[in-house]
Amino acid sequence: MAVDLKKELNPEQAAAAEKIEGPSLIIAGAGSGKTRMITFRIAHMLDSGIDEKNILALTFTNKAAKEMSERIRSLTNKPLKSLTTTTFHSFGMGLLKQYIQYLGYKNNFTIYDTNDNTALLKQVITSLGYQLADYNTFTLLQTFSDLKTGRVREIENKNSALNEIYQEWLKSQKAYNVVDFDDLIVLPIRLFEKRPDVLEKVQDRFRYIMVDEFQDTSLLQYRFVSMIASKYHNISVVGDDDQSIYSWRGANYQNIQMFEKDFPERQEFKLERNYRSTGTILEAANTLITHNEERKKKKLWTESDKGSNIFIIRPIDGEDEAMIIAESIKRRAKQQGLSYSDFGVLVRTNSLLTTLENALLEYGIQTQVSGGQSFFDRKEIRDLICYLKLIVNDEDDVSLLRIINTPRRGIGRVSIEKIRAYAEKKNICLFDALSQFAYAADSPVKGKSQEAMKRFTELMLSWQNELKNNRKAYLLQNIIDEIDYRGMLCEEYPDNQKMVDFKMRSLEFLKDRIKRFERSNPDSTMRDYLNLMSIAGKENDDEEDRGKVNLMTMHASKGLEFDTVYLAGIEDNIIPSSRALEEDPKAIFEERRLFYVAITRARKELTISHCEKRKDRMGDEHLCIPSRFLEEIPNTLFSEENENLPGSTIEDKLGMLDDFLAKFDC
């Protein structure tokens, strides 16, 4: 049964969904139902006879891609196994798995994340004879990423140590048959340039392209997708320049202007009807964003009620602010029958999260914090992941160096240096060098060290054989047992059994995730899991927790919405940030867009907080000035918190005291 666009969508959505031939630019305001429109547009394409394998829908997170895919399948009631709804980086990885051999790599490449790249960079620096203490590896990797992606053209001094390290790092990546996150976009472009025949194959396969969150694309991502679209011009991009907030990671809202130039025959649509927020919240957002230059003019509107005013609270300091917000959430949840997951607390900077988290916990409110340590960044997880990485790719020298003495095996620094020197001389990987040292009669490493190498080699080979039986979770458990990881933890934490148990539970969780992956992807390999895990971790798709307050940065809130939102720390030098105020005059436009995004996360109620004084990271106290952005919103939209919010009456305060005292009841 064909979908009825005019029945299911509003007139503007229906017009955008109906246009499937040729290029189109769809400006979709916050909360305008763009995902629904995209879903129906693709369903309409299928109804019109377009083969599902010819459709490519790109977005930025696995969660968004999965949601889009599920909605389309539900709407059409078809399996659509050949429909490609994915992220830019997953799509790039898929192309490389097919064609990377044309660039001099092997198809069994490994994807390095930031930690892997850092370890490799340290190895390169020391191998070239430089001192690690002289370099900030985090800054170097940022610079190298900018060079690789073209955000910085080149290193001016070709004879500098910086250029030598960069070139050796690139060569090492290729020698180890690894790629990083940037390469998942950079290398497909290089592939298209080197092999026009491959580009044409991809163009003929994906004749209809749709890009979601187009304002978040980088120049490189735009080039990537426009190369594919250049043959048939059937490309539709959906975005909102008012929500472009990721310039620091390469996003360029001016891609909208480039799209208009590259596809002059495009048709433009605007989705301005908002289905999320109250009239008051939209009025605040609309008046704020009009102060930005170089934007597509639009005005969000809604048929919903005006709703309550925006509440303003003026705490004394950051501690007071956190306690007031925690108290308000507890009271609102109780009086209005809300789940804690209906609340979002947003801040401009990570440094404000800890105080808020602690205050919420004091009130017995659990939080889901965005920006905390990733599960896959825990030491115990990284240790076992490196074992798995080395098993699937024994040319992965970085992983080998991490685990060669985890736990301690008696293979000392001198032995490792001999292995490395031999590997460089013979142009082989470290594992091959180690294996030769383990069994050679004339090995330069003797005694216990040689026996340890032999045992390590035998373990690796046995695990590689186990993996052929495709028992991934079983293999992980076997590794944990055979290396006695618990014993190592007990030595590391002799007086803290709880820490040992916590870390072992993390490994159990990892094993359960692998089991779940095996069940969902029975034909997959361990390499598939490791590669997808690297992408998933980078793209930051945290699972939703329904019983916790969502505490996050404004950047992390993009794409989310909550019934009740608190914006904390709305002060000059926080938002807009001190850097935006001091450095680039145009940076304040992005700060304003970020505040606009934060405001439009709220469905029903919005509370804004700014303090009289606040401590900086060094512990020094400073007087605070309310954000200049608040002056750009009409005063008539604001009300003082203690005039409107629950918790301000004598009865409320007595009730809160009762709740507090109840904590001490036996």
Side-chain angles (χ1 to χ4, degrees), residues 110 112 115-133 137 168 172 175-178 379-467 475-494 500 503 507:
T110 301
Y112 268 14
N115 291 290
D116 296 325
N117 255 335
T118 300
L120 176 61
L121 181 57
K122 288 178 179 179
Q123 178 184 324
V124 166
I125 291 170
T126 54
S127 69
L128 291 174
Y130 297 112
Q131 297 298 314
L132 275 176
T137 53
E168 185 63 26
S172 297
Y176 297 161
N177 200 42
V178 299
K379 181 183 182 301
E380 62 274 17
I381 300 302
R382 294 206 58 77
D383 287 345
L384 271 298
I385 290 296
C386 282
Y387 271 99
L388 296 176
K389 283 184 174 182
L390 188 62
I391 290 168
V392 302
N393 178 12
D394 55 22
E395 295 180 353
D396 187 347
D397 289 354
V398 170
S399 291
L400 184 144
L401 290 171
R402 181 184 179 96
I403 64 172
I404 189 66
N405 279 308
T406 305
R408 289 192 295 271
R409 293 187 170 86
I411 303 174
R413 179 184 59 80
V414 174
S415 297
I416 293 173
E417 287 177 353
K418 290 179 180 179
I419 293 169
R420 180 180 284 165
Y422 183 77
E424 289 178 0
K425 180 181 178 181
K426 297 294 185 180
N427 195 27
I428 58 178
C429 67
L430 293 180
F431 182 74
D432 285 348
L434 182 147
S435 301
Q436 292 180 29
F437 278 22
Y439 295 100
D442 59 347
S443 172
V445 177
K446 303 290 187 181
K448 291 182 179 179
S449 290
Q450 188 180 28
E451 286 300 315
M453 290 182 186
K454 189 181 296 184
R455 172 62 179 154
F456 181 77
T457 302
E458 290 170 352
L459 281 173
M460 290 300 303
L461 293 175
S462 69
W463 290 331
Q464 287 175 344
N465 285 329
E466 274 187 37
L467 192 58
L475 171 63
L476 179 63
Q477 185 61 57
N478 220 0
I479 296 170
I480 294 168
D481 292 341
E482 290 199 53
I483 66 175
D484 189 18
Y485 199 84
R486 174 178 279 277
M488 186 193 78
L489 291 175
C490 289
E491 289 182 12
E492 191 172 347
Y493 302 98
V500 173
K503 289 180 175 291
L507 296 179

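These values consider heavy atoms only, across backbone and side chains, with no hydrogens, waters or symmetry-generated copies.
- Annotation: the span from Asn177 atom CG to Asp397 atom CG amounts to 11.5 Å, rounded to 0.5 Å.
- Applying the side chain to side chain donor-acceptor pair (under 3.5 Å) rule to Asp481 yields the partners Gln477; only residues at least two apart in sequence or on another chain are considered.
- Taking both residues in full, the closest heavy atoms of Leu121 and Thr137 are given as CD2-O, 3.8 Å, listed atom of the first, atom of the second, then distance.
- Checked by atom type and distance alone, the side chain of Asn405 never pairs as donor or acceptor with a backbone atom of Gly412 at under 3.5 Å.
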After noting the C-alpha distance and the side-chain angles of Met488 and Ile483, does the key distance pass the side chain to side chain contact (heavy atoms under 4.5 Å, CB included) rule?
-> CA-CA 9 Å; Met488 186 193 78; Ile483 66 175; over 6 Å; no
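- Residues Leu475 and Leu388 have side chains in contact (heavy-atom distance under 4.5 Å, counting atoms from C-beta outward).
- Of all heavy-atom pairs between Met453 and Ser415, the closest is CE-CB, 3.8 Å.
- At a threshold of 4.5 Å between non-hydrogen side-chain atoms, the residues Leu461 and Gln464 count as touching.
- The shortest heavy-atom contact between Ser449 and Val445 is CB-CG1, 3.3 Å.
- Taking CG from Leu128 and CD1 from Ile125, the interatomic distance works out to 8.5 Å, rounded to the nearest 0.5 Å.
- At least one side-chain heavy atom of Asn115 sits under 4.5 Å from a side-chain heavy atom of Arg382.
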Output side-chain donor-acceptor pairs under 3.5 Å for residues 422-437, partner residues at least two apart or in another chain, one line each.
from	atom 1	to	atom 2	distance (Å)
Tyr422	OH	Gln436	OE1	2.7
Ser435	OG	Phe431	O	2.8

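- Val178 has its side chain out of reach of Asn117: every pair of non-hydrogen atoms, C-beta onward, lies at least 4.5 Å apart.
- Judged by distance alone, the side chain of Glu380 and the main-chain N or O of Val500 form no donor-acceptor pair under 3.5 Å.
- With Asp396 as the fixed residue, the side chain to side chain contact (heavy atoms under 4.5 Å, CB included) test singles out one of Leu400, Val398, Asp394: Val398.
- Here the straight-line distance linking atom CZ of Arg486 with atom CG of Leu507 works out to 9.5 Å at 0.5 Å rounding.
- Distance CZ/Arg409 to CG/Leu459: 7.0 Å, rounded to 0.5 Å.
- Summarising the geometry of Glu491 relative to Pro494, their closest heavy-atom pair is O-CD, 3.4 Å, with the distance given to 0.1 Å.
- Residues satisfying the ring pair (Phe, Tyr, Trp, His ring centres under 6.0 Å) test with Tyr485, not counting sequence neighbours, are none.
- Between the CZ atom of Arg402 and the NZ atom of Lys389 there is a distance of 9.5 Å, given to the nearest 0.5 Å.
- For the pair Asp116 and Thr110, the minimum side-chain heavy-atom distance is 4.5 Å or more.
- What you find for Gln450 and Ala440 is that their closest heavy atoms are NE2-O, 3.1 Å.
- For the pair Thr126 (side chain) and Gln123 (backbone), a donor-acceptor distance under 3.5 Å is present.
- Comment: Glu417 does not engage Arg420 in a salt bridge, judged by the lack of any side-chain N to carboxylate O separation of less than 4.0 angstrom.
- Separating the CG atom in Leu390 from the CD atom in Glu395 is a distance of 10.5 Å, to the nearest 0.5 Å.
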